[in-house]
Amino acid sequence: MELMAVYENLYDRFGPQHWWPKHEGSARPGFDPRFEVMVGAILTQNTAWTNVEKAIANLYAADCLDAKAIASVDGSRLKDMIRPAGYFNQKAKKLKILASADVVEPTRRSLLSMWGIGRETADSILLYAFNEPIFVVDAYTRRLLALLGRHDLAEADYDVIRNFFELNLPRDTNLYNEFHALIVAWAKAA
DNA sequence: CTCCAGGGGGCCA
DNA sequence: TGGCCCCATGGA
């Protein structure tokens with residue numbers, strides 16, 4: 001199995017996916033797009049992206065797409081704004097922690113040390129907000145590996161799979177960005 | 001009606 | 001480490 005060939009196959013079938021950071025309309029005027037990406041990465045946990053968009057629109061309408069605003073906003077107001085994204089009690093807590101953390105140059109370790117950020121969310125932040133060549137693994141990635149006959153890898157630990165992709169692909173942020181998004185597109189189409 | 005979406009934490013053996 | 005449960009909304 002050649003991963004680059006798999007990528008090209010998916011790209012031919014589904015085309016560019018326009019995920020972060022170049023999603024049209026993603027970066028709101030006057031707000032740091034990196035913070036918006038971090039917020040989105042938390043809000044999308046086990047949640048359809050369409051619901052996340054509603055929550056982010058609420059935050060934007062209330063001028064709450066920056067760390068200081070989220071850190072100071074009333075907790076119940078924050079919950080109301082992010083309600084469409086589900087899990088609002090947990091996610092409000094996570095956003096409060098993120099907003100208080102003063103994330104400037106995060107490392108994987110520093111992100112993982114924060115309550116509410118696991119490996120997939122940490123890697124999504126590093127890749128899509130800070131343009132680091134980290135391959136994001138999710139349940140769809142495992143499905144793809146299984147379909148490719150790599151059942152061993154499909155059931156392996158998260159970081160084993162991540163290392164497999166990073167060791168068998170060029171170290172290219174844009175490639176990782178697009179590949180992960182294409183895997184999601186493939187899974188949704190299937 | 002059921003199922004699940006761009007997961008993570010807590011608990012327990 | 002691995003299995004299980006909880007969290008919550010909205011679209012299919």
Side-chain angles (χ1 to χ4, degrees), chain A residues 7 10-11 14-26 33-59 75-99 101 103 106 108-132 134-145 151-163 165 173-190:
Chain A
Y7 168 78
L10 291 176
Y11 190 90
F14 300 103
Q17 294 302 303
H18 304 297
W19 276 31
W20 297 312
K22 296 178 180 174
H23 191 292
E24 279 302 313
S26 178
R34 291 171 297 183
F35 189 76
E36 179 184 332
V37 173
M38 291 193 284
V39 169
I42 287 175
L43 291 180
T44 198
Q45 290 172 359
N46 204 42
T47 301
W49 182 249
T50 51
N51 293 341
V52 177
E53 289 182 314
K54 297 172 186 173
I56 291 181
N58 290 339
L59 292 170
S76 58
R77 261 195 72 205
L78 179 58
K79 290 179 183 178
D80 285 341
M81 290 189 281
I82 67 173
R83 183 175 297 272
Y87 303 94
F88 51 85
N89 288 312
Q90 292 190 21
K91 287 176 179 175
K93 179 180 174 183
K94 293 176 182 180
L95 291 183
K96 282 288 189 180
I97 291 173
L98 173 73
V103 178
R108 195 164 192 264
R109 195 179 64 180
S110 70
L111 290 172
L112 289 175
S113 71
M114 297 172 59
W115 189 91
I117 298 183
R119 290 184 285 189
E120 186 178 338
T121 301
D123 291 344
S124 295
I125 288 172
L126 292 171
L127 176 62
Y128 289 102
F130 293 91
N131 295 311
E132 292 193 30
I134 309 288
F135 198 91
V136 177
V137 175
D138 63 356
Y140 299 146
T141 312
R142 296 175 182 275
R143 282 189 212 173
L144 179 62
L145 288 169
H151 302 283
D152 52 339
L153 270 174
E155 298 171 9
D157 177 78
Y158 178 98
D159 286 308
V160 172
I161 301 175
R162 181 171 64 83
N163 286 328
F165 276 85
T173 294
N174 290 324
L175 172 63
Y176 295 175
N177 179 324
E178 202 60 46
F179 204 160
H180 173 68
L182 282 168
I183 291 173
V184 174
W186 162 78
K188 289 171 71 175

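So you know, we letter chains A, B, ... as the sequences are listed, proteins then strands, and number each from 1.
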Inset, instruction - Report yes or no: does A:Y176 contribute a side-chain atom to a donor-acceptor pair with the main-chain N or O of A:L127 at less than 3.5 Å? - result: no
Inset, instruction - Take the protein atom CG of A:D80 and the nucleotide atom C1' of C:dT9, then report the distance between them rounded to whole Å. - result: 14 Å
Inset, instruction - Kindly state whether the ring of A:F14 and the ring of A:W186 have centres lying under 6.0 angstrom apart. - result: no
Inset, instruction - Measure the distance from CG on A:L98 to P on B:dG8 and round it to the nearest whole Å. - result: 14 Å
Inset, instruction - With the side chain of A:Q45 defined as its heavy atoms from C-beta on, choose the nearest nucleotide among B:dG8, B:dG6, C:dG11. - result: B:dG8
Inset, instruction - Looking at every strand, decide which applies to A:R143 at a 4.0 Å heavy-atom threshold: base, sugar-phosphate, or nothing. - result: sugar-phosphate
Inset, instruction - Answer with base, sugar-phosphate or nothing: what part of the nucleic acid does A:N51 contact at a heavy-atom distance below 4.0 Å? - result: base
Legend entry - A:E120 backbone acceptor or donor facing A:S124 side chain under 3.5 Å: yes
Inset, instruction - Figure out the CZ/C1' separation between A:F179 and B:dG6, and round it to whole Å. - result: 16 Å
Legend entry - Geometric cation-pi criterion A:R83 and A:F88, 6.0 Å radius, 45° cone: yes
Legend entry - A:N89 side-chain proximity, nearest of B:dG6, B:dG8, C:dA8: C:dA8
Inset, instruction - Let me know the distance between OH of A:Y87 and P of C:dC6, rounded to the nearest Å. - result: 12 Å
Inset, instruction - Using a heavy-atom cut-off of under 4.0 Å over every strand shown, decide if A:I117 touches base, sugar-phosphate, or nothing. - result: sugar-phosphate
Legend entry - Heavy-atom donor-acceptor pair, A:Y128 side chain to A:N177 backbone, under 3.5 Å: yes
Legend entry - Nearest listed nucleotide, side chain of A:K94, among B:dG8, C:dT9, C:dA8: B:dG8
Legend entry - Donor-acceptor under 3.5 Å (A:S113 side chain, A:S110 main chain): yes
Legend entry - Distance, rounded to the nearest Å, where A:M81 contributes CE and C:dT9 contributes P: 16 Å
Inset, instruction - For A:L78 and C:dA8, give me the distance from atom CG to atom P, rounded to whole Å. - result: 13 Å
Legend entry - Candidates B:dA5, B:dG8, B:dG10 - which lies nearest the side chain of A:N46: B:dA5
Legend entry - Under-4.0 Å side-chain N/O to phosphate OP1/OP2 contact, A:T50 with B:dA5: no
Inset, instruction - Nearest-nucleotide wise, let me know which of A:K93 and A:A41 is further upstream toward the 5' end of DNA chain B. - result: A:A41
Inset, instruction - Identify the nucleotide, in any strand shown, that forms a Watson-Crick or G-U wobble pair with B:dG6, with both distances under 3.5 Å; if there is none, say none. - result: none
Inset, instruction - Would you say whether A:F88 stacks on C:dA8? The test is a distance between ring centres of less than 5.5 Å and an angle between planes of less than 30°. - result: no
Legend entry - Near-parallel close stack of A:W49 and B:dG6 base (under 5.5 Å, under 30°): yes
Legend entry - Residues A:R119, A:D138: salt bridge by 4.0 Å N-O rule: no
Legend entry - Integer angstrom distance from the P of B:dC4 to that of C:dC5: 16 Å
Inset, instruction - Would you kindly give the CZ-to-C1' distance between A:R142 and B:dG7, to the nearest whole Å? - result: 12 Å
Inset, instruction - Check whether any side-chain nitrogen or oxygen of A:K79 sits under 4.0 Å from OP1 or OP2 of C:dC7, and answer yes or no. - result: no
Legend entry - Sugar-phosphate only, base, or nothing, as touched by A:K91 at under 4.0 Å among non-hydrogen atoms: nothing
Inset, instruction - For B:dC1 versus C:dG11, give the span between their C1' atoms, rounded off to a whole number of Å. - result: 14 Å
Legend entry - P spacing across the pair C:dG3 / B:dG6, given as an integer number of angstrom: 25 Å
Inset, instruction - Measure the distance from CZ on A:R119 to C1' on B:dG9 and round it to the nearest whole Å. - result: 13 Å
Legend entry - Sugar-phosphate, base or nothing in reach of A:E120, heavy atoms under 4.0 Å: sugar-phosphate
Legend entry - N or O in side chain of A:W20 less than 4.0 angstrom from B:dG6 OP1/OP2: no
